[in-house]
Amino acid sequence: MKRKRIKDEPAVKKEDGEHPVSQKPKRTKEETKEARVKKKEEEEKSRWRWWEEEKYEDGVKWKFLEHNGPFFPPEYQPLPDNVHFYYAGNKVKLSLAAEEVGLFFAQMLDHEYTTKKVFRENFFTDWRKEMTHEERKLIKDLDKCNFTELFAMHKARVEARKLMTKEEKLAVKEANQKIVDEYGYCLLDHHKERIGNFKIEPPGLFRGRGEHPKQGMLKTRILPKQVIINCTKESRVPVAPAGHNWKEVRHDNTVTWLASWTENIQGSIKYIMLNANSKLKGEKDWEKYEVARKLKSCVDNIRKQYDQDLKSKQMKTRQRAVALYFIDKLALRAGNEKDEGETADTVGCCSLRVEHITLHEKLDGSECVVEFDFLGKDCIRYYNKVPVIKKNLNIFMENKSPGDDVFDRLTTVLLNKHLSSLMPGLSAKVFRTYNASITLQQQLKELSNKSDNEPEKLLSYNRANRAVAILCNHQRAAPKTFDQSMANLQAKIDARKEKLSLAKTELKQAKKDAKKSSPEPKPHPLVERKMAAVQRCEELLLKMEVQATDKEENKQISLGTSKLNYLDPRISVAWCRNMVVPVDKIYNKSQRDKFAWALDMTEADFEF
DNA sequence: CTTTTCACTTAGTATATAAAAT
DNA sequence: ATTTTATATACTAAGTGAAAAG
């Protein structure tokens with residue numbers, strides 16, 4: 001209301017009159033800005049402030065849930081007549097099913113996957129299952145298959161998509177938006193909530209991480225008759241696509257999912273659930289950090305106890321103590337058992353094997369050093385050398401083969417049972433959350449200064465974030481263009497440095513000239529201007545140098561995972577308030593939405 | 001007890017979109 | 001205006017851990 005009136009104030013008109021040239025752009029700029037502010041306000045008003053409401057009784061996740069069911073991927077479109085598959089040099093017209101799966105492989109031909117033996121064998125086995133009897137009789141060797149034309153077609157399609165006109169792109173965008181509008185939202189207890197993954201996963205070739213024994217297998221198309229729907233009985237129950245039926249419609253308000261199906265590779269269940277900014281996800285997230293904060297108050301005692309247990313006569317207790325020490329000190333994951341042959345060979349703390357650990361009497365000046373080298377979640381390598389006091393591991397590893405478990409008397413179930421007896425809600429993963437968050441808080445305190453300028457403050461924040469990412473071993477592949485873009489940045493810095501020195505000489509000259517013309521030390525416009533130019537140059541240079549440092553340090557480290565999953569957002573928000581840094585410098589839009597509860601409730605004096 | 005099932009969080013990468021540079 | 005580069009989002013695999021089933 002107020003804002004609208006301001007727009008018509010005479011003051012603005014007067015200003016416009018003074019600068020007739022800038023009138024038009026200025027006005028539209030102001031208008032869009034205003035629209036943005038208005039939109040923001042509206043969004044704020046419609047936001048569900050669930051954190052101010054009372055919690056439901058135990059186990060109840062919702063009282064009313066209505067949605068339109070999942071969105072199914074489009075059905076397969078057969079190849080155009082001018083694109084052919086060849087076997088042993090001969091043109092072969094494949095059946096629809098075989099053609100579809102063949103195309104999955106053809107599309108990946110420029111990917112390393114398709115050169116791997118396991119991938120090729122798994123693919124070929126599953127592909128043959130899709131073939132007709134005749135096809136199977138003919139096609140017996142993947143090496144004799146020629147997918148060149150299918151591959152070329154795929155490449156051309158990708159290229160064509162890039163070259164679409166603006167109108168075509170807009171049309172695609174609108175079509176996608178329509179799908180989101182129809183399937184992307186649900187109604188949960190009177191509030192419209194965004195669904196996280198409302199699309200059924202399309203068929204394709206399974207791509208596991210690392211040396212996955214099932215890579216290349218066919219991930220089959222999901223039909224409505226395989227899908228279970230979950231919603232309120234009295235709601236508008238989603239209708240299955242024409243000619244199809246759901247596997248089941250149930251009304252279970254003790255779970256948060258809207259639909260589920262069983263995937264054919266591992267036989268595990270996939271769920272359709274709400275977006276991270278929803279109440280159901282947010283509340284759980286908040287709870288997670290509250291449990292971690294509770295650990296803060298009793299972690300000293302727990303540490304004392306496992307320190308004592310290191311000397312226990314009971315081997316079981318001793319192993320538990322060592323494992324707990326690793327989990328606490330090194331932020332290792334629990335390490336549940338995995339089915340051999342079904343998944344890639346990765347381990348966590350409790351599943352560590354003798355071959356993953358090397359003991360050194362002496363290393364790099366320290367005595368009794370443990371060297372870890374193993375593949376963890378997602379086949380990310382964990383490599384670390386840690387000095388320890390006691391020689392427990394020696395005993396655990398005595399008379400064992402490389403493939404034997406280090407902790408043969410310990411399982412994650414045993415460990416977690418012990419932990420939950422020490423504190424309600426405590427399990428191995430809570431240590432990761434706790435140590436990540438407390439590290440961020442300590443590092444922020446240590447690294448940042450109120451007197452720093454904004455880029456420096458943000459560098460400190462990133463460095464604190466980075467300390468956590470390193471602790472949790474959150475890695476990423478170095479960006480493909482890393483070296484190039486680093487060099488570009490360096491070139492820009494060099495160019496700026498030259499500009500700065502030039503500006504400095506000009507300033508000196510201007511000062512000299514000013515002195516000559518009037519000996520009194522009164523302000524001189526030219527000197528003022530040159531001074532400002534030098535300062536601006538210095539600021540820009542600093543900003544770029546900070547950026548370069550940040551970039552280099554981040555080359556193979558991923559900050560996002562800890563930011564999103566391990567760091568209590570209230571620590572970051574409190575830091576922003578303290579340092580007078582806008583929250584949107586550290587959290588983008590969707591992150592602010594996810595952490596809306598923290599943004600709303602956190603004061604500058606929050607302590608984790 | 002052990003094994004299996006289920007529900008949910010955590011994870012890195014591929015792709016789309018926005019921002020910056022030319 | 002177009003191309004390049006950076007950032008955000010989409011995707012789905014891979015974990016954790018509690019509870020049910022055997």
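Note that the structure is predicted; figures quoted are calculated from it, not measured. Order of the sequence lines sets the chain letters (A, B, ...), proteins ahead of strands, with each chain counted from 1. Every heavy atom of this structure was used, including side-chain atoms; hydrogens, water molecules and symmetry mates were not.
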Can you confirm whether or not the ring centre of [X] sits under 6.0 Å from the ring centre of [Y]?
X: A/F608; Y: A/Y289; value: no
X: A/F372; Y: A/Y383; value: no
X: A/H67; Y: A/F198; value: no

Starting from [atom2] on [N], measure out to [atom1] on [X] and report it in whole angstrom.
X: A/Y289; N: B/dT10; atom1: OH; atom2: P; value: 7 Å
X: A/K417; N: C/dT16; atom1: NZ; atom2: P; value: 17 Å
X: A/W257; N: B/dT9; atom1: CH2; atom2: C1'; value: 18 Å

Given [options], identify the nucleotide with an atom nearest to the side chain of [X].
X: A/V255; options: C/dA6, C/dA18, B/dC8; value: B/dC8
X: A/S558; options: C/dT16, B/dG12, B/dT10; value: B/dG12
X: A/Y271; options: C/dT9, C/dA13, B/dC8; value: B/dC8
X: A/M273; options: C/dA6, C/dA18, B/dT9; value: B/dT9
X: A/I380; options: C/dA8, B/dG12, C/dT16; value: B/dG12
X: A/F206; options: B/dT13, B/dT10, C/dA14; value: C/dA14
X: A/R209; options: C/dA13, C/dC11, B/dT10; value: C/dA13

Give A/T481 one of three labels, base, sugar-phosphate or nothing, depending on what nucleic acid heavy atoms sit under 4.0 Å from its own. nothing
How is A/S268 classified with respect to the nucleic acid when contacts are heavy atoms under 4.0 Å: base, sugar-phosphate, or nothing? nothing
Less than 4.0 angstrom between a side-chain N/O of [X] and OP1 or OP2 of [N], yes or no?
X: A/R194; N: C/dT9; result: no
X: A/K219; N: C/dA13; result: yes
X: A/H212; N: C/dA14; result: yes

Result for 5'-nearest mapping on DNA chain B, choosing between A/T561 and A/E337, is A/E337
Closer than 4.0 angstrom, basic N to acidic O: yes or no for A/E193 and A/K279? no
When you check the gap from the basic side-chain N to the acidic O, do A/E454 and A/K585 get nearer than 4.0 Å? yes
Check whether the side chain of A/K284 and the base of B/dT9 form a donor-acceptor pair under 3.5 Å. no
Closest-nucleotide ordering on DNA chain C, the 5'-leading residue of A/Q591 and A/G348: A/Q591
